[in-house]
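Below: one structure, written as structure tokens.
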Amino acid sequence: MSAAVKSESDTMLCCASCGIAGGDDITLKKCTACHLVKYCSDECQKNHRPKHKRECKKRVAELRDEILFKQPESSHFGDCPICCLPLPLDPSKNRLMSCCSKMMCDGCYLANKKREIEGKLQQKCAFCRKAAPKTKEIKKRLMKRIEANDPVAI
């Protein structure tokens with residue numbers, strides 16, 4: 001890679017211990033734990049370790065938190081309309097609500113059921129809050145959606 005192609009941030013890097021700038025002949029290695037600082041040799045890394053140790057541990061904890069609390073990628077089923085988490089890939093862990101045709105995760109469905117049972121409430125959809133339709137009505141709505149070429153209904 002020529003010096004003209006390197007970005008400005010690449011040309012300004014130097015060893016955290018001795019200050020030697022990295023270039024074509026000197027390759028700098030990142031700290032394997034925090035990836036914040038670079039060193040020209042193992043000896044420089046050992047010499048700089050006492051100064052860098054506290055900052056390194058703090059950065060490692062931040063990286064761990066980023067990994068733990070990163071939002072999961074969305075699935076092809078989309079997200080649950082209630083909790084906004086990706087719907088599981090296992091179809092047995094999703095529910096299609098016949099009243100509003102929304103897919104929701106079992107967690108939200110079961111939380112709604114628990115709320116209804118504890119409060120002695122009428123059973124309703126967790127999303128649209130409509131009463132569950134009768135079997136004949138479900139089939140009628142489904143056929144109407146199929147005729148309209150709704151891919152979720154098929």
_Shared-cluster residues of Leu63, by chain and number - hydrophobic side chains joined below 4.5 Å_ = none

_Going by the rule side chain to side chain donor-acceptor pair (under 3.5 Å), which residues pair with Asn47 if we only count those two or more places apart in sequence or in a different chain?_
none

*At what distance, to the nearest 0.5 angstrom, does CD1 of Ile82 lie from SG of Cys105?*
7.5 Å

*Calculate, to the nearest 0.5 Å, the distance between atoms NZ and CD belonging to Lys144 and Glu147 respectively.*
9.5 Å

*Quick one: does Met104's side chain get under 4.5 Å of Tyr109's, heavy atoms only?*
yes

Please tabulate, for the side chains in residues 112-128, all donor-acceptor contacts under 3.5 angstrom to protein atoms that are two or more places apart in sequence or on a different chain.
| unit_1 | atom_1 | unit_2 | atom_2 | d |
| --- | --- | --- | --- | --- |
| Asn112 | OD1 | Arg115 | NE | 3.4 |
| Asn112 | OD1 | Arg115 | NH2 | 2.9 |
| Asn112 | OD1 | Arg129 | NH1 | 3.0 |
| Asn112 | ND2 | Glu116 | OE2 | 3.1 |
| Asn112 | ND2 | Lys124 | O | 3.0 |
| Lys113 | NZ | Gln123 | OE1 | 3.4 |
| Glu116 | OE2 | Lys124 | N | 2.8 |

*Return the set of residues passing ring-ring contact (aromatic ring centres under 6.0 Å, His included) with His52 (not counting sequence neighbours), or none when no residue passes.*
His48

*Using the salt bridge (Lys or Arg N to Asp or Glu O under 4.0 Å) rule, collect all pairs that involve residues 92-106, keeping only residues at least two apart or in two chains.*
Arg95-Asp106

_Residues which pass side chain to side chain donor-acceptor pair (under 3.5 Å) with Glu55, listed by chain and number, not counting sequence neighbours_ = none

*Excluding sequence neighbours, so at least two apart, what forms side-chain contact (heavy atoms from CB on, under 4.5 Å) with Lys57?*
Lys53

*Considering residues at least two apart in sequence or located in another chain, which fulfil the salt bridge (Lys or Arg N to Asp or Glu O under 4.0 Å) criterion with Glu43?*
none

*Pairing residues for Asp90 by the side chain to side chain donor-acceptor pair (under 3.5 Å) criterion, not counting sequence neighbours*: Ser92

*Report the distance from atom CG of Asp79 to atom SG of Cys84, rounding to the nearest 0.5 Å.*
6.5 Å

*Please identify each residue that fulfils side-chain contact (heavy atoms from CB on, under 4.5 Å) with Ala33, with sequence neighbours left out.*
Cys31, Cys56, Val60

*Any chance you could lay out the salt bridge (charged side-chain N to carboxylate O under 4.0 Å, His left out) test for Glu137 and Lys134, step after step, and finish with the verdict?*
CA-CA 5 Å; Glu137 200 174 322; Lys134 307 276 188 239; over 6 Å; no

_Which residues share a side-chain contact (heavy atoms from CB on, under 4.5 Å) with Lys30, sequence neighbours left out_ = His35, Lys38

*Specify the closest pair of heavy atoms between Ala21 and Cys14, including all atoms of both residues, with the distance to one decimal.*
CA-CB, 3.8 Å

_From Cys15 atom SG to Gln45 atom CD, the distance as rounded to the nearest 0.5 Å_ = 9.5 Å

_Pairing residues for Thr27 by the side chain to side chain donor-acceptor pair (under 3.5 Å) criterion, not counting sequence neighbours_ = none

*Asn94 side chain to Leu87 backbone, donor-acceptor under 3.5 Å*: no

